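Written out below as structure tokens is the structure these notes cover.
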Amino acid sequence: MDSLTVHYLARELDEAWRGRRVASFVLQSRARATLLGAAGSITVRFDLSRPECRVHRAQQINDRGPLDGYEIAGVMAPVDDRRIVVQLIKQGKFRGSAARAADLSISLRPNARGAALVGDGGHRFGAVGAPIPAAVEPRPLLSAAELQAAAASGDPHALLQGRWMSTVIAKWLLSEPGQVVERYERIAALEPPRPARCDGLLLPFPFFDGAQAADSIIDVAPQPAASPSSRATDSRDRAIAKMRIELERAAEAPRIRAAADGLMALAEGAVVPVNLTLPDGSPFALSARVGDTVASVAERLYARARAMDRARATLPARIAELEARVEQQAPVQRQGSAAGAEPEEPRRPYRRYTSRGGLEIRVGKSAVDNDALTFHASSPDDVWLHAGGASGSHVVLRW
């Protein structure tokens, strides 16, 4: 979910929940989801089990957990960040007694999906999913010259360093080169939303051709069970969505390479700093391991940048190939099969291995098979693995 959609999601939830008492709250650890509802208003489930982070309406439950007696003071999203913060308050039991406060933070970043409820003094009530990452600095607003240069080159990646940008929005901006400045100014002004649905995505504006108007950017309900053909289509759409997310992350390659250059400019034997200031003035946080040197950290950063460069070079073609496929394809009979013959075992979307301790290991065969493995051939208790900062197979440990 991109930062612009998160902003409008927070705005919609604030209008629905502000000033109301918490009616439902649960942190679903195994399902990797969070459910929150307000009295007399909607209940929403944040599904953090998928990279696209589904947010949909849910049935109210009679469980408030640690938020019993709390009121929702407001819902906000930091500027150009993919995080929802629900601010909560509980009035003192007696007149004049101090109120209690708590924040429910929900990270909708594809590579850091999680939720945490933290009260006064940093008391942690509970959490699900990944740790909540630190807030990010908003990207700079793009100038008219930068927008026009990107329009002239037709390269959407040139826009991804700008505030509120995502691959979808960048393509929409460049679809009308003569209106690129006007369109971006409308986005930056955060004008009232016009929710729309296209390809299963709910967006604050109709960025896609053929987008259908919607009443909300909160889905009505989870997607129902689908037929095999529609599951194949959903799998393809999810694979495309994940590749778009990976392509968007790959736009960070210049910053990562600049950070590596900055490290290599330090004196030999220097201690790896916690933060670097890049040539454009923006900060870059570094993470060092025990025994790391400036050179070893820089080499890891160069490797990440190279992987992102490969993604930028190969993913657009892979996305275009998947988008061009027909929605339904007639099943192809395998060579040598005949009527009456014993049916062959269904094709698995993974290769299967066994560890020394007897643990089954499943490894995806392709981009589409990765998605089928993750969402249809694994269980909530399994361990899911993927290489950081690079494309490759999904791996599931059948725990």
Side-chain angles (χ1 to χ4, degrees), residues 1-8 11 77-82 109-110 136-196 198-199 201-211 213 217 240-241 243-262 277-284 305-306 308-320 323-324:
M1 186 175 290
D2 62 88
S3 63
L4 188 70
T5 302
V6 172
H7 167 84
Y8 282 101
R11 183 188 290 192
V79 175
D80 199 26
D81 202 350
R82 288 176 281 187
R109 297 187 198 177
V136 299
E137 288 292 325
R139 290 168 290 182
L141 290 168
L142 295 169
S143 66
E146 291 172 317
L147 292 163
Q148 290 164 350
S153 66
D155 181 12
H157 301 104
L159 301 175
L160 294 180
Q161 298 300 321
R163 188 171 303 178
W164 305 118
M165 280 293 99
S166 68
T167 304
V168 169
I169 298 172
K171 288 183 177 179
W172 174 72
L173 288 176
L174 298 185
S175 64
E176 292 289 345
Q179 300 179 25
V180 63
V181 175
E182 177 188 350
R183 284 185 168 187
Y184 182 69
E185 287 176 348
R186 284 162 49 195
I187 289 174
L190 300 175
E191 62 183 23
R194 292 179 287 116
C198 189
D199 290 344
L201 297 175
L202 276 168
L203 302 169
F205 299 99
F207 294 124
F208 289 98
D209 290 335
I217 55 175
I240 291 172
M243 282 192 282
R244 283 176 175 157
I245 290 168
E246 188 174 346
L247 189 59
E248 185 176 344
R249 288 204 302 264
E252 288 289 301
R255 295 188 74 250
I256 292 172
R257 188 171 284 105
D261 292 342
T277 300
L278 300 184
D280 62 3
S282 63
F284 189 96
R306 288 193 295 269
M308 289 177 170
D309 288 340
R310 289 193 296 270
R312 293 176 67 179
T314 60
L315 286 181
R318 290 172 61 190
I319 292 171
E323 288 177 335

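Everything numeric here is computed off the predicted structure, so don't read it as measured data.
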Using a strict cut-off of less than 4.0 Å between a Lys/Arg side-chain nitrogen and an Asp/Glu carboxylate oxygen, indicate whether D80 and R139 qualify as a salt bridge. yes

Separation between NE2 (H7) and CD1 (I187), nearest 0.5 Å, reads 12.0 Å

Interatomic distance, CZ@R255 vs CD@Q161, rounded to 0.5 Å, equals 7.0 Å

So salt bridge (charged side-chain N to carboxylate O under 4.0 Å, His left out) across residues 187-196, not counting sequence neighbours, yields R186-E191

Across all chains, not counting sequence neighbours, the side chain to side chain contact (heavy atoms under 4.5 Å, CB included) partners of D209 are none

Rounded to the nearest 0.5 angstrom, the CG-CE distance for L173 and M165 is 4.5 Å

In this structure, CE of M308 is separated from CG of L315 (nearest 0.5 Å) by 11.5 Å

Rounded to the nearest 0.5 Å, the OG1 atom of T314 sits from the CG atom of D309 at a distance of 10.5 Å

With sequence neighbours left out, the residues meeting salt bridge (charged side-chain N to carboxylate O under 4.0 Å, His left out) with E146 are none

State, yes or no, whether a side-chain contact exists between T5 and R82 at a heavy-atom distance under 4.5 Å.
no

Note to self: Is it the case that the side chain of Y184 and the backbone of L147 share a donor-acceptor pair, with hydrogens and angles ignored and the cut-off at 3.5 Å?
What the structure shows: no

Exercise for the section: Would you check if the side chain of S282 reaches a backbone N or O of L278 as a donor-acceptor pair within less than 3.5 Å? Expected result: no

Under a 4.5 Å cut-off applied to non-hydrogen side-chain atoms, are M1 and I217 in contact? no

